[in-house]
There are 2 protein chains.
Amino acid sequence: MAKKVPYRLYLSEEQMPRQWYNLRADMKEQPEPMLNPATLEPVKEEDLYPVFCEELAKQEMDATTRYIDIPGEVLEFYRMFRPSPLIRAYNLEKALDTPARIYFKFEGNNTSGSHKLNSAAAQAYYAKKQGLAGLTTETGAGQWGTALAEACAFFKLPLIVYMVKCSYEQKPFRRSVIQTFGAEIIPSPSTTTKAGRAILEKDPDTGGSLGCAISEAVEKAVTTEGYRYVLGSVLNQVLLHQSVIGLEAKTALEMLDEYPDIIVGCAGGGSNLGGLIAPFMQDKLLGKASPRIIAVEPASCPSLTRGRYAYDFCDTGQITPLAKMYTLGCGFVPAPNHAGGLRYHGMAPILSKLYHDGYMEAMAVEQTKVFEAAVFFAKHETILPAPESAHAIYGAIAEALKCKESGEAKTILFGLSGTGFFDMTAYESFLNGTMTDYIPTDEDLEKGFAQLPKVPAFK
Amino acid sequence: MAKKVPYRLYLSEEQMPRQWYNLRADMKEQPEPMLNPATLEPVKEEDLYPVFCEELAKQEMDATTRYIDIPGEVLEFYRMFRPSPLIRAYNLEKALDTPARIYFKFEGNNTSGSHKLNSAAAQAYYAKKQGLAGLTTETGAGQWGTALAEACAFFKLPLIVYMVKCSYEQKPFRRSVIQTFGAEIIPSPSTTTKAGRAILEKDPDTGGSLGCAISEAVEKAVTTEGYRYVLGSVLNQVLLHQSVIGLEAKTALEMLDEYPDIIVGCAGGGSNLGGLIAPFMQDKLLGKASPRIIAVEPASCPSLTRGRYAYDFCDTGQITPLAKMYTLGCGFVPAPNHAGGLRYHGMAPILSKLYHDGYMEAMAVEQTKVFEAAVFFAKHETILPAPESAHAIYGAIAEALKCKESGEAKTILFGLSGTGFFDMTAYESFLNGTMTDYIPTDEDLEKGFAQLPKVPAFK
């Protein structure tokens, strides 16, 4: 029986997690190792040092330490914007007339507008601690770039952001926020890297892709003295840092004597979803509970629902190690009409493995349906969601309506990973009816799959 | 001696105020009454019924009821975005190397991006309760329009927003947010009203002003069946609703055994400042405490520091009642290079009276200095402030630096009324060095004063 539930529950500072949770420590089967594309040998921690700072390389490879202390300086940074609220969506429930109890963990109340700041803080801190000269990264929709710019400004670390060109052009204000925090922004593909020049040569008018921006940022990092590269999603280290979302949510739900029957998150590279579900997935792995866990992805970039579970490059330029993941092929670029983020060709290896092993479900949704859910949610809960996050709203509403049908009072938890203030162009096109959907054909996907690297079955 | 202070303190739902505080009940001398401009007789409650809904007209005139219950439905609405955090600016303190303890009450964590939602919720609720057909309002920088659109969407009430034309054009995304919540937006001056047409005739290329948008919205309300007008600042009722800011802040500070020596707020029409200071000003009026209270206004629209304390129209079109207030003349329009809000020609009559009677100080700041403070604050506290709010940051920093000088560990509270996500054009012009300052000359101001209505000394 649930306790009286406030609209918004904030943990106290004392209740905030002091350790990240490393999901891999409880996975019976580990994700396959990253491979060096030249030798097809598993990547070792030291191999990552030229790209990542050492502590992060260590976290990337660590599959056994269950809990990792959050450094004091990162905790202090977190306290400027965390804990994030666990919100009971009373008004959404009422509007849907559902017996379900709907909760959402809202990560949008910070200047980056999303959960990305959780990992940015950690990555900037470790880089500074190692005495690096600066960092490079890529950003698509812009949340990650903003988050990292905030963290780098705070820790006084130079930052170069490769921003996917179409976002750079469509989101001038997002760009300005990043610049306000003092970072340098380069639209990608650019002429500042070999990878960028190669892509521009093939297609001078390309709007860019996340995979391409990653190639550029990695190349820039490894060719600039004292620089390293950081990434806002996909990686094991990122999912580790994002576990604060789920840890906070679980503590808050426990205070309310609640446990979710269903957990819904949007899925692009997997950072928000992986963070939200982490401690609940632990329960599932350890047989303590069996919540349904649902990843919602865009129908225009359906890596889980229509991708292949295969080794692939993490970037378009094919300079990163190979990761075994659900992928549409590293050359896959979502249609230009696709709004917001969630445009990565692959999915975090940890989540890919868990999905492959049946611990998670996935669904793909067309973007007009996503925006319909977003506007409905905004009108009833007053929060304007990011298009990315609205995928989770769509999934949560779908489950709540099933509860209405069946009369079951299930507890639904979803992740509202961010706000949509920089996505108004997309909202406009939805409101004026010009937004269109795009679903790749099987033939489209086959082209991407045909380019997957040939990797002999690893063992 | 102060207790251990968390970075961010949230009250529980139970601790949230259930009553608004009406500052007038404790003022020894009342603000002068509003006057009917035709008769110069004091306005009576019933006179306001054609413009405001009845409950709000009552609140507007009520100078004696100290505490007014917040209706249950409004409390429920508040719970979707309140309580707002009281934040200890540890990192700003460190960056300034000041012994001062700096707190700020942050009202920006909602989709309107500001404190405006506090009054919007109340005004939309009362209008709905009276069975009105719809509402009209004006918006300048856009926070108020967004807030009211959110509240009207929630209470299912049609809304027409007159948006100052230069904001309408400079802030397309702000516009889209308002439209997402279902409101109709008309750039002002427009041809939909007599007032608008008259202004357009004189100056077809005008970018509009808040005073002009008010004229249009009032006219539209009184000429449309079942419609009423609502205003986001200046009025007594608005300051009443905004008292939740100060009430929450005071409770939170009490939990920390703190009391502010200095309270700083930005001042445009006065809604944020009036709300923030309300319970502290009560202490001051009752002789219980004597905090310094500082209003910070833009040097380009300096109603308190350089205006006249005189009867004036609340709008450019001269259709509203006359209010005694600090004013630059209802025809005053800030220079086009002035960014953000705080562009109203007058100041809330309650605050004007308190300032006139010596309970408050005021200072005016040039906008480049304001943006310098904004960027400094963003880098150290990770929050990107609205240009309006950054005036308060500037004032708080100035006081904190005086503490550094004197070695005094004063407690400073300032209001961070909102976020700057929709003000990136202004940030850009600051960052690239094209932002300029404008300070009206005495001659400029004399032109405005010359047009003040001739009102014989009342009483």
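Heavy-atom basis, side chains included; hydrogens, waters and symmetry copies ignored. Numbers restart at 1 for each chain; the letters A, B, ... are given by sequence-line order, proteins then strands.
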Please classify the contact of [X] with chain B as side chain, backbone, both or neither, using a heavy-atom distance under 4.5 Å.
| X | answer |
| --- | --- |
| A:Phe181 | both |
| A:Arg82 | backbone |
| A:Asn109 | both |
| A:Thr180 | both |
| A:Ser12 | neither |
| A:Asn91 | side chain |
| A:Leu384 | both |
| A:Glu13 | side chain |
| A:Phe77 | side chain |

Return the [atom1] to [atom2] distance between [X] and [Y], rounded to the nearest 0.5 Å.
| X | Y | atom1 | atom2 | value |
| --- | --- | --- | --- | --- |
| A:Asp423 | B:Ser176 | CG | OG | 11.5 Å |
| B:Glu14 | A:Lys4 | CD | NZ | 5.0 Å |
| B:Leu92 | A:Met80 | CG | CE | 11.0 Å |
| A:Gln179 | B:Glu428 | CD | CD | 7.0 Å |

(message) Once you measure the plane-to-plane angle for A:Phe422 and B:Phe421, does it fall in the parallel (<30°), tilted (30-60°) or perpendicular (>60°) bin?
(response)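 A:Phe422 vs B:Phe421 ring planes: perpendicular.
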
- Aromatic plane relationship, B:Tyr10 with A:Tyr10 - under 30° parallel, 30 to 60° tilted, over 60° perpendicular: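 A:Tyr10 and B:Tyr10: parallel rings.
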
Check your understanding: Okay, side chain of B:Arg79, backbone of A:Arg8: is any donor-acceptor separation there less than 3.5 Å?
Key ->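 No, because the side chain of B:Arg79 does not come within donor-acceptor range (under 3.5 Å) of the backbone of A:Arg8.
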
Non-hydrogen atoms of chain A under 4.5 Å away: do they reach the side chain of [X], the backbone, both or neither?
| X | result |
| --- | --- |
| B:Ile383 | both |
| B:Thr425 | both |
| B:Phe154 | both |

- Looking at A:Val177, A:Leu9, A:Asn110, A:Thr111, which makes the most heavy-atom pairs under 4.5 Å with chain B?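 Top count of heavy-atom pairs under 4.5 Å with chain B: A:Thr111.
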
When you check the side-chain N and O atoms of A:Glu76 and B:Tyr7, is any donor under 3.5 Å from an acceptor?
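Yes, a side-chain donor-acceptor pair sits under 3.5 Å.
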
For chain A, which of B:Glu150, B:Lys379, B:His380 has the most heavy-atom pairs under 4.5 Å?
->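 Maximum pair count with chain A is reached by B:Lys379.
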
